[in-house]
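Right, one structure below, let's go through it.
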Amino acid sequence: MTAQAVVTGLGVVAPNGLGTEEYWAATLAGTSGLGPVTRFDAGSYPSRIAGEVPDFVPEEHIPSRLLPQTDHMTRLALAAADWAVEDAAVDPAALDEYGMGVVTAASGGGVEYGQRELQQLWSRGKEYVSAYQSFAWFYAVNTGQISIRHKMRGPSGVLVTEQAGGLDTLGHARRHVRHGIPLVVSGGVDGALCPWGWVAQISTGRLSTADDPDRAYLPFTDQASGYVPGEGGAVLLVEDAEAAKARGAERIYGEIAGYAATFDPRPGSGRPPGLRRAVEEALADARVTAAEVDVVFADAAGVPELDRAEADALTEVFGPYGVPVTAPKTMTGRLFGGGASLDVATALLSLRDGVVPPTANVTAPADGCALDLVTGSAREAPLRTALVLARGYGGFNAAMVVRRV
Amino acid sequence: MSVHTLIDLPELTRLLRECAGEEEGVDLDGDVLDTVFMELGYDSLALLQVVGIIQRDHGIELDEDAVAEAETPRALLDVVNSAARAERIAA
């Protein structure tokens, strides 16, 4: 029998809440974490709104030994990983170190750290570049630091599929569990709120240029004009259900029941995008029908043609207004490699509490967008199965089904 | 600090703290002259960073092999200070 991969611990760092319960309370209340960029002077850039994690004091969460060698987003990831391990009440020191893996998602690595050190190189010379630059800006840095900190030497890696990475990493964690690894620390925490990261995002042409934080990211609406970038994400502890039971795990948030990833055809090929196929294959993988899905957490690009493509895919699979759809990322911005992992954490909390958080700042979907979008306030409902969608710039699509067990 | 000493132990521990932080449970201000760096929580990369800054700020060049073999603060101070003396004599 194939091993069942379950989530037993969550660690959340988000612009609207530090820690899982703080984030969840804010998200249910529709409290947004979007605001003007403060981490650098964004005044001269066309986009000036971001989702920044407030009140994160590194010294309170990170040992001083790790401060000189970590980018801001790695510090956030280390804190989230600590919380996930704590939440699962697992003691890594008591387990086989080769039976614990670490798989995270990344988009650009430690971009802010990298920018600072490259500026030192250009302006002052190589003697001023930190030796830690050698790994601090590396894509796999969060995986490495989490692995070292918790002495987890099992199969590990990093997935780089832009915003789809937050699902691909959990799909990969499930693969490890199915191959006999009892525990995998997974998910994504990401961010690049510095000029270098900012211009890389602007170059996609998909960033909102609105200056009102409440009007900047309005997916599925007539006013959609792009997205807002943010920082943060979620770390999830993925375990073999039997192993979790054997160690006496008290809480199981849910099962990673289905997962699929597809890639878009090349532009101009005339073939349809791959999102619908990802949805259908994830449902088939989970052995559930569309009618059994209780809620969908949308990718919600905030770009009209991409919103339309997603709404079309959902309407084709579920029928017009066929399933409640929400996009709590309207309160955090899109978190690169971290966003979809946070969506999965949010979906699991929804299943736990029987409530769907709202899509903030959106009052009604655009004409012709036949989605039952949850807006205004949270909606209570008996929930068993949730579908999470994610798309990454460059053609990546991923879909994941999580189910209460 | 004697005229023959470029850096002393307090200066070295200050640099270690500044460049690489301080391991919990280690008292850098204690008697650490002969404690191996690994026990103080400093790996080769931490030492690479510290040695890089000593070379940069004092304009000296240290022999890579000698630095790699210096496993304790006393050994590293010896490498640094004898290199500094050698340079002064050469000058």
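Predicted model only: the values in this text are computed from it and were never measured. Just so it is clear: chains get the letters A, B, ... in the order the sequence lines come, proteins before strands, and each one is counted from 1.
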>> Between B:Q49 (side chain only) and A:A131 (backbone N and O only), is there a donor and an acceptor less than 3.5 Å apart?
In response: yes
>> Which atoms of B:E24 are under 4.5 Å from chain A, going by heavy atoms: the side chain, the backbone, both sets, or neither?
In response: side chain
>> Using a 6.0 Å cut-off, check whether atom CD of A:E250 has over 12 heavy atoms from anything other than its own residue.
In response: no
>> Does atom CG (A:D91) have a neighbourhood of more than 12 heavy atoms from anything else shown, all under 6.0 Å?
In response: yes
>> Restricting to non-hydrogen atoms, name the atom on B:C19 and the atom on A:Y132 that form the minimum distance, rounded to 0.1 Å.
In response: O-CE1, 3.6 Å
> For the atom pair OG (A:S130) and CG (B:L45), what is the distance rounded to the nearest 0.5 Å?
Replying inline: 7.5 Å
> Would you say A:F40 has more than 12 foreign heavy atoms packed within less than 6.0 Å of its CZ?
Replying inline: yes
> Do you know which two heavy atoms are closest between B:G21 and A:P68, and how far apart they sit?
Replying inline: N-CG, 3.8 Å
>> Heavy-atom count check: over 12 atoms from other residues, nucleotides or ligands less than 6.0 Å from B:D31 CG?
In response: no
> Quick one: CD1 on B:I53 to CD on A:E127, what's the gap to the nearest 0.5 Å?
Replying inline: 11.0 Å
>> Tell me whether A:R153 at atom CZ has more than 12 heavy atoms from other residues, nucleotides or ligands lying less than 6.0 Å away.
In response: no
>> I want to check something: taking the side chain as every heavy atom from C-beta on, are A:R65 and B:D43 in contact at a cut-off of under 4.5 Å?
In response: yes
>> Just verifying a value: how many Å separate B:E22 CD and A:L67 CG, rounded to the nearest 0.5 Å?
In response: 12.0 Å
> Tell me, side chain or backbone of A:F135 under 4.5 Å from chain B's heavy atoms, or both, or neither?
Replying inline: side chain
